[in-house]
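These notes are about the structure you will find just below.
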Amino acid sequence: LRMVTWLLRRLGVRRILDMGCGDGWQANKLVQSGFEVVGADIAPERLRRARIHAPQATGFFAADMRHPPLAQNALQCIYLGQVLEHLPEPLGVLTSLRNALAPGGYLVLDTPCRDNPVDDLIHLSGLSKRYPGSLEWGFQLDPGHVRFFRLEEIRDLLQGVVVEGLGWLVVLGREPL
């Protein structure tokens with residue numbers, strides 16, 4: 001998240017919607033880094049925990065990111081931290097969120113990537129039990145993960161979402177695109 005906050009500061013972002021905020025751990029880190037953060041999640045229990053973990057966030061609300069209750073052209077930045085890999089239909093979600101971004105706004109994706117050698121090394125070393133179900137390359141997924149993307153798949157996905165005036169940033173481990 002340090003790379004994300006560094007880049008967002010350089011881009012002049014001050015306000016962030018943490019969409020799919022879960023228990024609020026990343027929302028809290030964003031607040032502690034000086035951003036004004038609002039969190040949203042579909043699960044009421046996770047929102048309850050987010051309010052505890054990120055008490056200085058501006059607020060939290062329940063939302064289905066497939067049909068978010070967001071005004072069009074209103075948001076400076078939407079952050080999806082460790083969310084994309086949980087979505088059965090990521091293109092539909094990204095398209096629905098794109099409409100809420102103000103001109104010049106940013107959609108920030110922070111997601112595991114199959115092309116990230118750090119994840120491969122962690123798995124091969126036995127230091128992590130991050131991968132409980134099988135995939136075609138022999139790795140296993142965390143519960144709730146639908147897939148891990150390859151870099152090319154993320155680029156293709158974003159090509160279906162990006163419109164002129166919309167910035168996007170993908171953080172894969174330590175390497176922004």
Side-chain angles (χ1 to χ4, degrees), residues 1-44 46-51 53-113 144 146-147 149 151-172 175-177:
L1 197 53
R2 271 185 277 181
M3 176 67 78
V4 171
T5 58
W6 180 82
L7 289 166
L8 291 176
R9 275 193 214 100
R10 290 197 53 147
L11 294 168
V13 170
R14 293 190 335 257
R15 292 180 306 281
I16 300 172
L17 171 61
D18 183 358
M19 196 63 164
C21 70
D23 292 349
W25 295 108
Q26 291 172 322
N28 186 55
K29 288 178 183 178
L30 290 166
V31 167
Q32 297 303 316
S33 296
F35 296 98
E36 181 182 324
V37 180
V38 172
D41 202 279
I42 196 168
R46 300 203 76 184
L47 287 170
R48 185 190 68 72
R49 292 192 299 256
R51 288 181 182 95
H53 296 140
Q56 295 165 332
T58 303
F60 293 93
F61 65 97
D64 180 339
M65 64 180 76
R66 294 170 297 181
H67 310 286
L70 303 171
Q72 288 196 353
N73 302 315
L75 299 173
Q76 185 179 27
C77 179
I78 299 174
Y79 172 66
L80 294 168
Q82 304 296 309
V83 172
L84 196 65
E85 66 275 12
H86 295 271
L87 303 175
E89 296 178 21
L91 180 59
V93 168
L94 294 176
T95 300
S96 70
L97 294 175
R98 170 194 68 201
N99 297 328
L101 286 168
Y106 294 94
L107 176 61
V108 180
L109 308 175
D110 180 356
T111 187
C113 181
V146 175
R147 65 180 301 161
F149 292 90
L151 183 57
E152 182 177 316
E153 293 172 310
I154 293 171
R155 286 185 180 140
D156 291 346
L157 185 64
L158 290 171
Q159 290 302 316
V161 176
V162 174
V163 294
E164 191 171 332
L166 168 68
W168 55 271
L169 171 65
V170 179
V171 176
L172 306 170
E175 301 297 323
L177 295 177

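Predicted model only: the values in this text are computed from it and were never measured. We number each residue from 1, following the sequence as shown.
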Between the OG atom in Ser96 and the CG atom in Leu94, the distance rounded to the nearest 0.5 Å is 7.5 Å
All side chain to side chain donor-acceptor pair (under 3.5 Å) counterparts of Gln72, not counting sequence neighbours
none
Decide yes or no on side chain to side chain contact (heavy atoms under 4.5 Å, CB included) for Leu91 and Thr95, but give the supporting numbers first.
CA-CA 6 Å; Leu91 180 59; Thr95 300; 4.0 Å; yes
Search all heavy atoms of Pro103 against all heavy atoms of Asn73 and return the closest pair with its distance.
CD-CB, 4.3 Å
From Met3 CE over to Leu8 CG, what is the distance, rounded to the nearest 0.5 angstrom?
11.5 Å
If you take all heavy atoms of Gly22 and Ala50, which pair is closest and at what distance?
O-CB, 3.5 Å
Spell out, as yes or no, whether a donor-acceptor pair under 3.5 Å connects the side chain of Asp41 to the backbone of Ala43.
yes
Qualifying residues under side-chain contact (heavy atoms from CB on, under 4.5 Å), relative to Pro44, sequence neighbours excluded
none
Mind checking side chain to side chain donor-acceptor pair (under 3.5 Å) for Asp64 and listing every partner two or more places apart, or none if nothing turns up?
Arg66
Any side-chain heavy atom of Arg49 within less than 4.5 Å of one from Arg46?
yes
Go through the steps for Asp110 and Gln82 under the test side chain to side chain contact (heavy atoms under 4.5 Å, CB included), then give the verdict.
CA-CA 6 Å; Asp110 180 356; Gln82 304 296 309; 3.1 Å; yes
If we only count heavy atoms from C-beta on, is the Val4 to Val108 side-chain gap below 4.5 Å?
yes
Distance from Cys21 atom SG to Ile42 atom CD1, nearest 0.5 Å?
12.0 Å
Would you say His53's side chain and Gly24's backbone share a donor-acceptor pair under 3.5 angstrom?
no
Beyond-backbone contact of Leu80 with Leu107, side-chain heavy atoms, under 4.5 angstrom:
yes
If the condition is side chain to side chain donor-acceptor pair (under 3.5 Å), which residues does Glu36 pass it with, not counting sequence neighbours?
none
Under the rule for side chain to side chain donor-acceptor pair (under 3.5 Å), what residues qualify as partners of Arg9, not counting sequence neighbours?
none
Let me confirm one number: the SG-CZ distance from Cys77 to Phe35, rounded to the nearest 0.5 Å.
8.0 Å
Closest heavy-atom pair and its distance - Ala57, Val31:
CA-CG2, 3.8 Å
If we only count heavy atoms from C-beta on, is the Leu1 to Tyr79 side-chain gap below 4.5 Å?
yes
Going by heavy atoms in the side chains, are Val83 and Val93 under 4.5 Å from each other?
no
Check whether any side-chain heavy atom of Leu70 lies under 4.5 Å from a side-chain heavy atom of Phe61, and answer yes or no.
yes
Which pairs would a plain distance check flag for residues 13-20, meaning a side-chain donor or acceptor within less than 3.5 Å of a matching protein atom at least two apart in sequence or in another chain?
unit_1, atom_1, unit_2, atom_2, d
Asp18, OD2, Ala27, N, 3.3

How long is the gap from CZ on Arg98 to CG on Leu75, to the nearest 0.5 Å?
14.5 Å
Within this structure, what is the CZ-NZ distance for the pair Arg2 and Lys29, rounded to the nearest 0.5 Å?
9.0 Å
Contacts of Ala62 meeting side-chain contact (heavy atoms from CB on, under 4.5 Å) (sequence neighbours excluded), chain-then-number -> Leu47
Has the side chain of Gln76 got a donor or acceptor atom that lies under 3.5 Å from a matching backbone atom of Gly12?
yes
